[in-house]
Protein chains: 2
Amino acid sequence: MKKDQSKRLQQQIDAINSLVLHQIKPSMQRIAIMDYLITHRTHPSADEIYEKLSIGMPTLSKTTVYNTLKLFASNGAAQMITIDEHQVNFDADTSTHAHFLCKQCGKIYDLSLPELATMPDMQKIEGHLVKEISYFYKGICKDCLAKGTKDSNTN
Amino acid sequence: MKKDQSKRLQQQIDAINSLVLHQIKPSMQRIAIMDYLITHRTHPSADEIYEKLSIGMPTLSKTTVYNTLKLFASNGAAQMITIDEHQVNFDADTSTHAHFLCKQCGKIYDLSLPELATMPDMQKIEGHLVKEISYFYKGICKDCLAKGTKDSNTN
DNA sequence: TTCATATTTGTAATGATTACATTTTTATAT
DNA sequence: ATATAAAAATGTAATCATTACAAATATGAA
């Protein structure tokens, strides 16, 4: 229907705006990747993005996805999340917020921790110039806790 | 001299104590690895530990180092630090403290952030059970700032 | 000593990420 | 429009940290 199309279009525009805002020249691939990041708030990995996008964009190269995400990160258009020791994840939300990784299902959640947000960017801590901040939490997520409650919740 | 020897011995004992405290049966390799972690507060990687220890312990296997560090981490005897996207680093100090990675020299610093230490372990945040907490900061360290100040410090 | 179990070892995968050379696209000047 | 240079994307082949796995060794109880 018409509404879906115009919504899609608006999303594309949002992606382009974010690129331009962060001094990144838009291209088909960059728009597609940024769009994916904005519309999928699941903190995808490079490989995940590649797998999904290459369906509708068969010529897409995995190298392009890696290069583009690295570009996004260094221009502040995306956040690189190293919460999982096995792969890097990405987040289009570059505001300082915390992440929670469920050790059981592997899902990464956003956490809003208002008391931490008070720290301004680009400040010095113990003499070091801070450019990036990450708050990572790991454990068992709400959903997995609920599932596990059935019988074994002793540990 | 005598003093050095007794100091070394005390360090070994500290390593063993940490293992036993965390329900890890001591072995030559485990003691050596824990001892290395305690006496080298540089947040070494598995490979770094292997390279250094294998000099005085030629039969040591890299797999053992990896397995042992994983064991330490899951028993709370060491902290796994995923601040660097290229490799995992380890810290024998399991108290909740922050880490700072210098993007220029790659060194990892400990940061004591008193206001963050207030959060007790094992609490729930937004319904998720938190078991581990990591605070990561990245930027340019004190030393690199000092070196760089000579001429180019405009950016 | 003997058996069972835990630990270590060495080698061979695995798999995410990167290097690199080639091809394609884009922008600009003619 | 065309030529040309620069930027971006592509595909393949490395790299390299980490893990899987099977064999060897050490440990501890019976």
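Please read all numbers here as calculations on a predicted model, not as lab measurements. Proteins get letters first, then strands, A, B, ... in listed order; numbering begins at 1 in each.
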Base, sugar-phosphate, or nothing for A/S45, non-hydrogen atoms under 4.0 angstrom?
nothing
Whole angstroms only, please: what is the CG-P distance between A/D47 and C/dT14?
16 Å
I'd like to check A/C141 versus A/F100 (side-chain heavy atoms, cut-off strictly below 4.5 Å). Are they in contact?
yes
Identify each donor-acceptor pair in which a side-chain atom of residues 72-81 of chain A lies under 3.5 Å from a protein atom, sequence neighbours left out, and give them as a table.
unit_1	atom_1	unit_2	atom_2	d
A/S74	OG	A/K70	O	3.2
A/S74	OG	A/L71	O	3.3
A/N75	ND2	A/H22	O	3.1

Nearest 0.5 Å, please: how far is CD in A/Q29 from OG1 in A/T59?
6.5 Å
So which of residues 24-43 of chain A are in contact with DNA chain C, with a heavy-atom cut-off of under 4.0 Å?
none
Which atom pair, heavy atoms only, marks the closest approach of B/I140 to B/C102?
CA-SG, 4.0 Å
In terms of heavy-atom contacts, does CD of A/Q10 have more than 12 from other residues, nucleotides or ligands at under 6.0 Å?
yes
For B/K103, salt bridge (Lys or Arg N to Asp or Glu O under 4.0 Å) partners two or more places apart
A/E132
When you measure from every atom of DNA chain C, which of residues 60-82 of chain B have a heavy atom less than 4.0 Å away?
B/L60, B/S61, B/T63, B/T64
Going by atom type alone, with no hydrogens or angles, which donor-acceptor pairs under 3.5 Å involve a side-chain atom of residues 104-111 of chain B and a protein atom two or more places apart or on another chain?
unit_1	atom_1	unit_2	atom_2	d
B/D110	OD1	B/H43	NE2	3.0
B/D110	OD1	B/H97	NE2	2.7
B/D110	OD1	B/H99	NE2	3.2
B/D110	OD2	B/H43	NE2	3.4

Start and end of chain B contact along DNA chain D [non-hydrogen atoms, under 4.0 Å]
D/dA17 to D/dC21
With a 4.5 Å limit on heavy-atom distance, are the side chains of B/Y135 and B/T96 in contact?
yes
Applying a strict under-4.5 Å side-chain criterion to I, L, V, M, F, W and Y, I'd like to know whether B/Y36 and B/M34 cluster together.
yes
Under 3.5 Å, is there a donor-acceptor pair between the A/S95 and A/D93 side chains?
yes
